[in-house]
Amino acid sequence: MDPLLEDKDKKPQVELTKVSKSLYPDLDSQKGILEKKPYFQFEEDESSKAILFNSGSEESTTSARVLPQVLAVLAVSFGCFIHGTSYMYGVVALMGLEESSQKLKPNSTETELGFAFDKTQDSAWIIGISAIGMIFGSLVAAPISNAIGRKVTCIFGIGVVFSVAYTLFVIPIDISMLYLARFLMGVGLGVSQSISTVYIAEISTPNIRGNLAVIPAMTGCLGVVSCQVLAKFLKWKQLAIVFAAINIPFIIMVLLMPESPVFLISKDRIEEAHKVLRRLRGKNWNVTKELTEIKKRTEGTGSTSSKTAINDFFLPHVIKPVAIAFTLMFFFQTSGINLVLTFAPQIFADVTNIDKFLANIFLGCALFASNTLTLLVAGKWPRRMMLLVSSLGCSVTLAVMGFSYQVSDWEKACINSSHFDSGDLPLSEIERKAACSYNLNWLPVVDSMIFIFVFNLGYGSLVWMTVVEILPAHIRNFTNGLTVGWVGVLSFITSFSFPYLLSSSWAGQGAFWMYSIISFVGFLFIAIFVPETRGKTEDQIKVYFQGKKEKAPKV
């Protein structure tokens with residue numbers, strides 16, 4: 001309970017300059033906010049200097065409490081852990097579906113699965129359709145959360161959606177149920193990504209916002225790794241039960257976390273917003289000032305900005321960064337990450353004799369370690385250099401993975417060769433495998449771990465930041481939905497097409513060599529067209545794209 005509001009006999013002192021029905025007239029009109037002195041004043045220490053919402057001020061005689069903000073962020077980030085599990089669960093379920101479709105029930109001609117399963121077609125749809133769900137979830141998250149609040153959106157858009165999705169995998173009676181389940185997982189992923197980013201920005205103070213923004217990425221990574229580890233010990237239906245159950249503590253955590261003060265102010269629930277900020281900031285924080293600043297920012301946006309963005313969209317300093325941003329996102333999605341991470345167990349089963357789930361755990365460890373490393377260096381190294389290293393590294397490691405598929409084909413051809421049947425004592429299958437082996441079983445595992453490292457070094461950690469920095473501020477809201485949609489479409493294409501590529505004459509080596517070439521073209525594109533944005537102001541980047549004398553320095 002806010003100590004400033006708990007005394008019923010002591011009312012907040014309100015200084016009124018005009019008659020108004022509202023308790024806080026300065027928050028009912030933008031004009032009142034823009035006055036030098038606010039109309040209302042809670043009993044707070046006037047000498048305290050709060051770090052305002054999205055303010056650039058870094059000096060303060062008082063500081064906000066950190067623990068309440070961390071706990072709130074952990075609650076919403078648990079949703080990212082859940083959507084991280086769904087990222088890997090698709091391929092785990094596919095392997096279980098394939099195995100169940102080949103086993104017959106005792107004394108029956110019916111398979112354990114109970115319905116038809118086409119490895120190529122159903123694999124493509126079960127993996128790819130989640131990308132369509134992600135587009136839908138990302139686009140509806142903002143309007144729904146603005147209407148009903150961040151907490152309710154998290155409960156239904158993440159907790160309920162993922163519970164239903166995983167439950168459908170536990171009791172499937174038809175393949176269409178699994179399509180629906182994966183679509184819902186994509187919806188939950190899109191909602192989770194959108195809401196966590198917005199919620200953290202709205203409840204955190206600027207001095208710790210950057211650190212708190214790391215938590216969703218790390219919990220999402222932990223979700224991926226947990227699925228990889230548990231898949232070695234649990235069957236696909238058992239795994240679905242576990243992941244459906246963890247939505248219960250998530251919903252409880254969301255119920256206990258505070259609502260976004262920005263949402264409360266947008267609904268004119270000023271006193272609730274005050275209590276929430278007092279709970280998040282502590283008793284020494286000047287909540288009144290932050291409330292005023294939030295209200296000013298929420299009321300300061302109108303329709304003129306979107307009209308200006310549309311009118312200016314084809315100006316040289318706008319269309320150039322837009323084209324570069326969308327092309328960069330193309331190379332980001334065609335870097336092979338959807339193949340290596342999503343289809344990892346299947347790839348390891350094709351190219352190595354090492355247990356596919358054990359190899360997948362090694363990949364997950366590399367993913368977590370690389371996420372931790374990139375958090376330490378992302379803000380210190382030039383963005384363009386890291387993107388160049390990442391794109392070239394992806395190209396090389398994808399080429400090596402294609403070579404691993406080629407070696408596997410050579411070994412299979414050798415084993416099936418009639419050469420071993422010509423002797424007096426034909427070799428056993430084990431002896432043939434030993435004679436034909438190139439002893440490169442660890443190559444694809446190590447190569448995939450290196451791929452994850454170089455991907456996260458640039459593409460994984462900096463591509464979104466670079467896109468935001470090169471786009472002019474007045475069109476970012478306009479292009480945000482387009483960017484999410486574009487990424488979703490590319491994710492669907494790459495994920496959906498891979499099973500068909502594997503079953504075609506291209507096979508695995510052709511698929512990976514194709515993406516290797518695309519990544520190398522991406523390296524050339526970044527080297528020629530993408531400017532360095534680290535430490536650059538928006539005006540400096542604008543001058544660069546206008547083609548004037550001031551150029552972005554080369555790395």
Side-chain angles (χ1 to χ4, degrees), residues 80-100 119 123-124 126-128 130 166 169 182 185 189 217-243 246 335-373 394 397-398 400-405 407-408 440-456 460 491 494-495 498-499 501-502 508 511-512 515:
C80 298
F81 174 89
I82 296 172
H83 85 229
T85 65
S86 72
Y87 196 82
M88 280 304 303
Y89 182 76
V91 70
V92 174
L94 283 178
M95 301 181 76
L97 287 167
E98 183 180 1
E99 181 179 349
S100 298
K119 181 179 179 180
S123 295
I126 286 176
I127 296 298
S130 63
Y166 276 118
F169 270 97
R182 286 293 293 170
M185 288 183 181
L189 190 153
M218 296 303 295
T219 53
C221 177
L222 285 173
V224 172
V225 175
S226 68
C227 185
Q228 292 171 321
V229 173
L230 292 176
K232 180 171 176 57
F233 306 100
L234 300 176
K235 294 184 178 181
W236 61 287
K237 287 188 177 182
Q238 295 172 331
L239 199 57
I241 294 173
V242 171
F243 291 146
I246 63 174
S335 62
I337 184 63
N338 289 328
L339 280 59
V340 174
L341 196 56
T342 307
F343 293 94
Q346 183 176 343
I347 292 172
F348 293 139
D350 291 341
V351 298
T352 179
N353 292 328
I354 298 173
D355 180 77
K356 56 182 177 291
F357 292 115
L358 178 62
N360 201 29
I361 291 174
F362 280 111
L363 180 63
C365 293
L367 174 65
F368 185 77
S370 62
N371 268 285
T372 305
L373 176 64
C394 287
T397 49
L398 289 173
V400 173
M401 187 61 75
F403 175 72
S404 297
Y405 266 93
V407 168
S408 178
L440 295 176
N441 279 324
W442 278 101
L443 177 63
V445 179
V446 174
D447 179 68
S448 65
M449 295 172 69
I450 297 173
F451 171 86
I452 289 295
F453 259 96
V454 296
F455 173 84
N456 274 332
S491 178
T494 54
S495 300
F498 186 62
L501 289 173
L502 286 180
F512 280 102
Y515 283 110

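In this text the structure is predicted, and so the values were computed from the model without any measurement. Each residue takes its place number in the sequence, starting with 1.
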Review point. Listed by chain and number, what are the side-chain hydrogen bond (donor to acceptor under 3.5 Å, both in side chains) partners of Thr352, not counting sequence neighbours?
Key: none
Check your understanding: Checking side-chain contact (heavy atoms from CB on, under 4.5 Å) for the pair Phe403/Asp447: CA distance, chi angles, key distance, verdict?
Key -> CA-CA 11 Å; Phe403 175 72; Asp447 179 68; over 6 Å; no
Point to revise | Which residues share a side-chain contact (heavy atoms from CB on, under 4.5 Å) with Ser448, sequence neighbours left out | key: Val340, Phe348, Leu363, Met401
Point to revise | Listed partners of Ser130 passing side-chain contact (heavy atoms from CB on, under 4.5 Å), at least two apart | key: Arg182
Review point. Any side-chain heavy-atom pair from Thr372 and Met218 closer than 4.5 angstrom?
Key: yes
Point to revise | Pairing residues for Ala240 by the side-chain contact (heavy atoms from CB on, under 4.5 Å) criterion, not counting sequence neighbours | key: Tyr89, Tyr166, Phe169, Val170
Check your understanding: For residues 83-98, which residue pairs qualify under salt bridge (charged side-chain N to carboxylate O under 4.0 Å, His left out), counting only residues two or more places apart or in two chains?
Key -> Glu98-Lys119
Exercise for review: With sequence neighbours left out, write down each residue that passes side-chain hydrogen bond (donor to acceptor under 3.5 Å, both in side chains) with Asn353, or none if nothing qualifies.
Suggested key: none
Review point. Who passes side-chain hydrogen bond (donor to acceptor under 3.5 Å, both in side chains) against Asp350, sequence neighbours left out?
Key: Tyr405
**Study point:** Set of ring pair (Phe, Tyr, Trp, His ring centres under 6.0 Å) partners for Phe343, sequence neighbours left out
**Key:** Phe498
Review point. Are side-chain heavy atoms of Cys227 and Leu239 found at a separation under 4.5 Å?
Key: yes
Check your understanding: Quick one: does Thr85's side chain get under 4.5 Å of Ser226's, heavy atoms only?
Key -> yes
Revision key, fill the gap. Sorted by chain and residue number, the side-chain contact (heavy atoms from CB on, under 4.5 Å) partners of Leu222 (sequence neighbours excluded) come out as Phe81, Phe368
Check your understanding: Taking all atoms of both residues into account, what is the closest heavy-atom pair of Gly364 and Val225, and its distance?
Key -> O-CG2, 3.3 Å
**Study point:** Any side-chain heavy-atom pair of Leu398 and Leu339 under 4.5 Å
**Key:** no
Check your understanding: If you take all heavy atoms of Ser495 and Gly128, which pair is closest and at what distance?
Key -> CB-CA, 4.1 Å
Revision key, fill the gap. Taking every heavy atom of Leu341 against every heavy atom of Gln228, the minimum-distance pair comes out as CD1-NE2, 4.3 Å
**Study point:** Which residues share a side-chain hydrogen bond (donor to acceptor under 3.5 Å, both in side chains) with Glu99, sequence neighbours left out
**Key:** Lys103
Point to revise | Residue list, ring pair (Phe, Tyr, Trp, His ring centres under 6.0 Å) with Phe357, at least two apart or on another chain | key: none
Check your understanding: Are Pro499 and Gln346 close enough that some pair of their side-chain heavy atoms sits under 4.5 Å apart?
Key -> no
Review point. Rounded to the nearest 0.5 Å, what separation is found between the SG atom of Cys80 and the CG atom of Leu189?
Key: 8.5 Å
Review point. Is Ile452 close to Ile337 at the side-chain level, that is, under 4.5 Å between some pair of heavy atoms?
Key: yes
Exercise for review: Only pairs at least two apart or in different chains count here, so list each side chain to side chain donor-acceptor pair (under 3.5 Å) that has a residue in residues 233-242.
Suggested key: none
